[in-house]
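What follows is a short report on a single structure.
All values below come from the heavy atoms of this structure, side chains included, with hydrogens, waters and symmetry mates left out. Proteins get letters first, then strands, A, B, ... in listed order; numbering begins at 1 in each.
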Amino acid sequence: MPELPEVETVKQVLAPQIMGLRIADITVNDPKVVARPSAEEFVRELKGERIMELERRGKFLSLCLEGGGRIVLHLRMTGSLLLTPPDFPLEKHTHLIFHLENGRELRFTDMRRFGRFWLIRVGEEDLFSGVSRLGPEPFDEDFSAAYLSSALAKRKSTVKSCLLDQGFIAGIGNIYADESLFAANIRPERPACGLSVDECERLAAAIREALLTGIAENRMSAEEYLAGKGRGYRSRYLNVYGRAGEPCRVCGERLLRAVVGGRGSVYCPKCQR
DNA sequence: ATAAGGACCTGCTAGC
DNA sequence: TGCTAGCAGGTCCTTA
């Protein structure tokens, strides 16, 4: 479900509420969601640990622990992380519950069970979650028009496939790929190596702007987040994603849908070239 | 080496 | 109304 902006929302909402709290106990309803180590070890080693900080990298979230280790998690398509009072109705597909020392629960719910947790022990290198294979963070200095231009030039696939490749750039998914390409006036099926320097500059700026808009539009209070069950992301601000067949907000042309890189893609045939 | 396609899961919706 | 096919915002693995 969530891409960089939505994971950022999760982090911003949860961080102030769980920082400094100890994990009193953990309930694992589906051991499969713990990718590493085993679910038993995960529970044993985390009981009594204190959560110090939350970090986001791409679409991954890390709970940094007092002891120096970290819990890394990825929500994939339909995962959500919700902080609830203990008597809050239990959602279907709740696979993991962290019982915190103040009585509240941090619950992981995931209809499609794609989401995963990894425990990275003190001093251990995280070679398993995929964090180490991520490309540049879109707001870091190492992501620039120059990077985009030289990296795209080496690719024979479509520009959209590159944007979805987490090793190329971290955090973009289908929504923000389509939104960025629309803002940059570039068609998703264009070969990456065929983009001009000017187009790469527009795309780099469009990516950052689309993500910043997503973060701003999805900013919400803890109450709103809980009411939306951790899935109450907004979409009214999106210009193309989910709007195939509707008129383009810029030129009025009918938005088209095509499959690019195996993913449904929406674009404006007039604005995007 | 890169790219396409299937697998992993469940639920929703459109169409017959 | 009921069934089915197709689709869904992600990633990994196998195959070509």
Checklist line | Those residues that, when tested against H74(A), pass ring-ring contact (aromatic ring centres under 6.0 Å, His included) (two or more places apart) | finding: F60(A)
Next item on the list: Tell me, please, which residues at least two apart from R236(A) pass salt bridge (Lys or Arg N to Asp or Glu O under 4.0 Å).
Entry: E217(A)
What nitrogen or oxygen pairs link the protein and nucleotides 4-6 of chain C at under 3.5 Å?
none

Next item on the list: Return the set of residues passing salt bridge (Lys or Arg N to Asp or Glu O under 4.0 Å) with D142(A) (not counting sequence neighbours), or none when no residue passes.
Entry: none
Note to self: Once salt bridge (Lys or Arg N to Asp or Glu O under 4.0 Å) is applied, do any residues pair with R116(A), and if so which ones, sequence neighbours excluded?
What the structure shows: none
Item checked: D126(A) with R70(A): basic N within carboxylate O range, under 4.0 Å -> no
Next item on the list: Taking side-chain hydrogen bond (donor to acceptor under 3.5 Å, both in side chains) as the test, write out the residues that go with E253(A), two or more places apart.
Entry: none
Checklist line | Nearest-angstrom distance, P atom, dG6(C) to dG5(B) | finding: 16 Å
Item checked: Stems involving DNA chain B, each a run of at least 3 consecutive Watson-Crick or G-U pairs under 3.5 Å -> B:2-8 with C:10-16, B:10-16 with C:2-8
Check: Along nucleotides 4-11 of chain B, 5' to 3', which nucleotides get a B, which get an S, and which get a -, given that the test is a protein heavy-atom distance under 4.0 Å?
Finding: ----BBBS
Next item on the list: Starting from L256(A), walk the hydrophobic network (Ile, Leu, Val, Met, Phe, Trp, Tyr; side-chain heavy atoms closer than 4.5 Å) and list everyone else you reach, by chain and number.
Entry: Y267(A)
Next item on the list: Looking at every strand, decide which applies to Y241(A) at a 4.0 Å heavy-atom threshold: base, sugar-phosphate, or nothing.
Entry: base
Notebook entry, point to check: Once you round it to whole Å, what is the distance between C1' of dC7(C) and CZ of R257(A)?
Noted result: 8 Å
Check: In the hydrophobic clustering that connects Ile, Leu, Val, Met, Phe, Trp and Tyr at side-chain heavy-atom distances below 4.5 Å, which members other than V250(A) occupy its cluster, ordered by chain and number?
Finding: F182(A), V240(A), L255(A), V266(A)
Next item on the list: List for me each residue that meets salt bridge (Lys or Arg N to Asp or Glu O under 4.0 Å) alongside E105(A), sequence neighbours excluded, and say none if there are none.
Entry: R107(A)
Item checked: Set of ring-ring contact (aromatic ring centres under 6.0 Å, His included) partners for Y225(A), sequence neighbours left out -> none
